Amino acid sequence: MQADVSEILNELNQAQRQAVSSPSGPVLVLAGAGSGKTRVLVHRIAWLIQVEGVSPYSILAVTFTNKAAAEMRGRIEQLLDMPATGLWVGTFHGLAHRLLRQHWQEARLPQNFQIIDTQDQLGVIKRVHKALDLEDSRWPPKQSMYFVNGKKDEGIRPQNMQDTGDPITRQMIRIYTAYQSACERGGLVDFGELLLRSLETLRDNETLLKHYRDRFSNILVDEFQDTNTLQYSWLRLLAGNTSPIFAVGDDDQSIYGWRGAKVEHLQRFDKDFKNTQMVRLEQNYRSTSTILNAANAVIANNAERMGKNLWTDGNDGEQIQLYTAYNEQEEARYVAERIRQYAESGGMRSDVAVLYRSNAQSRVFEEVFIGMRIPYKVYGGLRFFERAEIKDALAYMRLGSNQHDDASFERVVNRPTRGIGARTVDQIRAEAREHELSMFAAAQRLLEHKILTARAAGAVRNFIELVNDIAAASADLPIHELVDHINVVSGLLDFHGKENNEKSQSRIDNLNELVSAARGFEYNEEEHGEMSLLDAFLAHAALESGEGQGESWEDCVQMMSMHAAKGLEFPLVFITGMEDGLFPHQMSIEEPGRLEEERRLCYVGITRARENLVLTLTERRRLHGSDRYNMPSQFIGEIPKELLHEIRPSVPSYKKQSSSSYTSSSGKNLVDDESSEYKLGDRVFHQKFGEGTVTNYEGSGSHARIEINFKHAGSKWLVVAYAKLERA
DNA sequence: GCGACATTGTTTTTT
DNA sequence: ACAATGTCGC
């Protein structure tokens, strides 16, 4: 097995080699953007197998997305030139799921437990609220869901929670408890539960834990900066004191703090694991030095960094271009025009990315692109398996697998409408609660005791027969025929067929696409174990939200949020909406920690570009119905001037200041009527709020309002006519 | 059960 | 502004 050492280490630089060939023990690879982090992971695995003679069975590689997992597996097989059997490569959730399926008894789950996504989960929570008789206005279901998920992410069960006497916490504990028993009853497992339940199962089963600890003597983790508390505990439990973790990550690319990711796991890795070998990958193979220097300069403004400086031996490349548009339409037209030129001079549109802070910003671009006949693809938004019509069909399939899945029952009991209205459903629900039955069982009981009106009874009987029919069919038919059967007998196809418009047509297309997806679904003995084909497909639908389902392969401009762009690269990148309030987002400006995360997002955005980077912003932007006059993003001011080329340097300058506010050097008046005496960047003084800076303006005449960012009182909108402002 | 009207929220997203 | 959800009356 010693033979291919050179092949594995060839094509690697010094730092990469050091990481790949590290002696056994904890390793932390700090991998800057574009420094070949996936490559290091893949080569490390090859090294373990071919040089260290480690069995693939004892290797566990964890990623965050299915895409990353698939790519890693593919590249490993390519490098090893053979199928990577026995090797566990997958997402945290996928691997936890696999554990739970294999040990459903130890985990105290029903064998055919179903995974619910966020939408389903919210539905369950809403029903719990109803059962507890809580007003949605006083107890927003979403808030309860965040609470439950937050607790699960910290590994906390309702019974471990202190009743401090605080009525809100007390209520939340009640909700969490009721939600959990609702899930137990229906055999439902949410995303957080996958992780928490598998963690508990391992923790509480000494033999099981020992088995997996012995088996996985090598654990590799990608994007380590994105792990949350639960994922981290999961890793540590599995690693124990004997299986070293090989972690790869970049603290500068930690952009998921808002959903519970803790960079601290990366930052204190060497304290948590003794004798950690730390390797920094700082040579970038992606971008021009101009782009890299800009990224480095921006990220240098963050205080809490582990320190790292990207360099390249590539050429300078062109300056970063900065374009200030009048408004968002003009911004989009400029970008479109640039893309048109790029394509005309032989560039591929798919080499171009249009990035933005929030998805809503894509709309204007889409409109302009359509007008100019520029093909584009928007990433993010609803994915295939999340579409309403698909979820309906899946709910029928789930009922076929488990009649007691109340979430699915409620979803489709009257979809399409079949005469089982809210009153009847209420009755079923009450019956279920009273006798501690599932909705399905309760419906049957109502029929037996002839409690329903004749009309409702008929409709309910039909529905029960429908579900029984599907259950029978799911035992007999191959899965794609089952989907086809469901589409017909449930009436979903007919229902959407009746309405004849574009939307209903696309729903029908999607339902048919689901048949194809089922046909193409491959049952993997190794991964799915004893699961029925149906359950395996349903799990697949829940865990892989279906990115890329029914995708057309045209040469398209790639449009996405900067978050979605992490891990990707493009020769030409536009970062749009570079305005304070938009990016950094308003919600993140006040809190220093959140601002640093925005800055890391900016770093991620910049480092997506290989050759050319264009930043755009607007002077005036319509947002939530009103016009905003935003200042240029403070991040622009953090890029060294010599790297920037202003294409239309008419308006503000980007002088950097010590405070977070920027002044407009051009002194352009924001309104043309005489009543306005304030302009952006003016320092003002208010009787109550003290000193501040004008950051936005809206309306005119006596209705004119200005937004002032006060030094101590925060940001406020004031009516100029009443505010009694003085110049500071 | 459905259409008309009102209310609400509007950063980022994977699983 | 606008879309998505919830409420109400027939």
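Chain naming here is simple, since letters A, B, ... match the order of the sequence lines and numbering starts at 1 in each. The structure presented is a predicted model; accordingly, all values stated were derived computationally and were not measured.
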Quiz item: Using the benzene-type ring in the case of Trp, are the ring centres of A/F216 and A/W88 under 6.0 Å apart?
Solution: yes

Quiz item: Is A/T65 side chain donor-acceptor paired with the B/dT15 base, going by distance under 3.5 Å alone?
Solution: no

Quiz item: Across the strands shown, which category fits A/D136 at heavy-atom distances under 4.0 angstrom: base, sugar-phosphate, nothing?
Solution: nothing

Self-check item: Options B/dT11, B/dT12, B/dT15, nucleotide nearest the side-chain atoms of A/W258
Solution: B/dT12

Quiz item: With a 4.0 Å cut-off on heavy atoms, is A/D190 in touch with a base, just the backbone sugar-phosphate, or nothing at all?
Solution: nothing

Quiz item: A/E331 side chain to A/N327 main-chain N or O, any donor-acceptor pair under 3.5 Å?
Solution: no

Self-check item: Interatomic distance where CG belongs to A/D426 and C1' belongs to B/dG1 [whole Å]
Solution: 14 Å

Quiz item: Within the pair A/N359 and B/dT13, is there a side-chain N or O less than 4.0 Å away from OP1 or OP2?
Solution: yes

Practice problem: Could you work out which one of B/dT15, B/dT12, B/dT13 sits closest to the side chain of A/Y256? | Solution: B/dT13

Quiz item: So what does A/N66 hit on the nucleic acid, given a heavy-atom distance under 4.0 Å: a base, only sugar-phosphate, or nothing?
Solution: sugar-phosphate

Quiz item: Would one find a side-chain N or O of A/K142 under 4.0 angstrom from OP1 or OP2 of B/dG9?
Solution: no

Exercise. Write down the distance between NZ (A/K391) and C1' (B/dT15), rounded to a whole number of angstrom.
Key: 12 Å

Quiz item: Between B/dT11, B/dT12, B/dT15, which one does the side chain of A/M587 approach most closely?
Solution: B/dT11

Quiz prompt | Phosphate contact (B/dT12 OP1 or OP2) by A/S588 side-chain N/O below 4.0 Å | solution = no

Exercise. Have a look at A/K566 and say if it touches a base, only the backbone sugar-phosphate, or nothing, with a 4.0 Å heavy-atom cut-off.
Key: nothing

Quiz item: Hey, are the side chains of A/Y212 and A/L99 touching, using non-hydrogen atoms and a 4.5 Å cut-off?
Solution: yes

Practice problem: By nearest nucleotide on DNA chain B, pick out whichever of A/S358 and A/L194 is the more 5' one. | Solution: A/S358

Quiz item: Name the one of A/R387, A/R415, A/R398 that satisfies salt bridge (charged side-chain N to carboxylate O under 4.0 Å, His left out) with A/D392?
Solution: A/R415

Quiz item: Which part of the nucleic acid does A/F92 contact within heavy-atom distance under 4.0 Å: base, sugar-phosphate only, or nothing?
Solution: nothing

Quiz prompt | Nearest-0.5 Å distance, OH of residue A/Y179 to CD of residue A/E193 | solution = 7.5 Å

Quiz item: What is the distance from CG of A/L100 to C1' of B/dT15, rounded to the nearest Å?
Solution: 14 Å

Quiz item: Which part of the nucleic acid does A/A422 contact within heavy-atom distance under 4.0 Å: base, sugar-phosphate only, or nothing?
Solution: sugar-phosphate

Exercise. Compare the aromatic ring of A/H93 with the six-membered base ring of B/dT15 and state whether they stack according to the 5.5 Å and 30° rule.
Key: no

Quiz item: For the pair made of CD in A/E135 and P in C/dG6, what is the distance, rounded to whole Å?
Solution: 15 Å

Self-check item: Touch class at under 4.0 angstrom, heavy-atom based, for A/R363 against every strand present
Solution: sugar-phosphate

Quiz item: For the pair made of CG in A/L623 and C1' in C/dA1, what is the distance, rounded to whole Å?
Solution: 10 Å

Quiz item: Looking only at side-chain N and O atoms, does A/T118 come under 4.0 Å of OP1 or OP2 in B/dT13?
Solution: no

Quiz item: Contact class for A/L95 (heavy atom, under 4.0 Å): base, sugar-phosphate, or nothing?
Solution: nothing

Exercise. Decide yes or no for A/Q558 and A/Y376: does some side-chain heavy atom of the first lie under 4.5 Å from some side-chain heavy atom of the second?
Key: no

Quiz item: Taking CD from A/Q586 and C1' from B/dT11, how many angstroms apart are they, rounded to a whole number?
Solution: 12 Å

Quiz prompt | Rounded interatomic separation in angstrom, taking CG from A/L122 and P from B/dT15 | solution = 20 Å

Self-check item: Aromatic ring proximity, centroids under 6.0 angstrom, A/F64 and A/F224
Solution: no

Quiz item: What integer number of Å spans the P atoms of B/dT12 and C/dA3?
Solution: 16 Å

Quiz item: Reckon A/G192 touches a base, only the sugar-phosphate, or nothing at all at heavy-atom distances under 4.0 Å?
Solution: nothing

Quiz item: From B/dT15, B/dT12, C/dA1, pick the nucleotide closest to the side chain of A/R383?
Solution: B/dT15

Practice problem: May I have the distance from A/R357 (atom CZ) to B/dT10 (atom C1'), rounded to whole angstrom? | Solution: 13 Å

Quiz item: According to a strict under-4.0 Å criterion, is A/R259 in side-chain N/O contact with OP1 or OP2 of B/dT11?
Solution: no

Quiz prompt | Side-chain donor/acceptor contact of A/R594 with base of B/dT11 under 3.5 Å | solution = yes

Exercise. Looking only at side-chain atoms of A/T417, point me to the closest of B/dT13, B/dT11, B/dC2.
Key: B/dC2

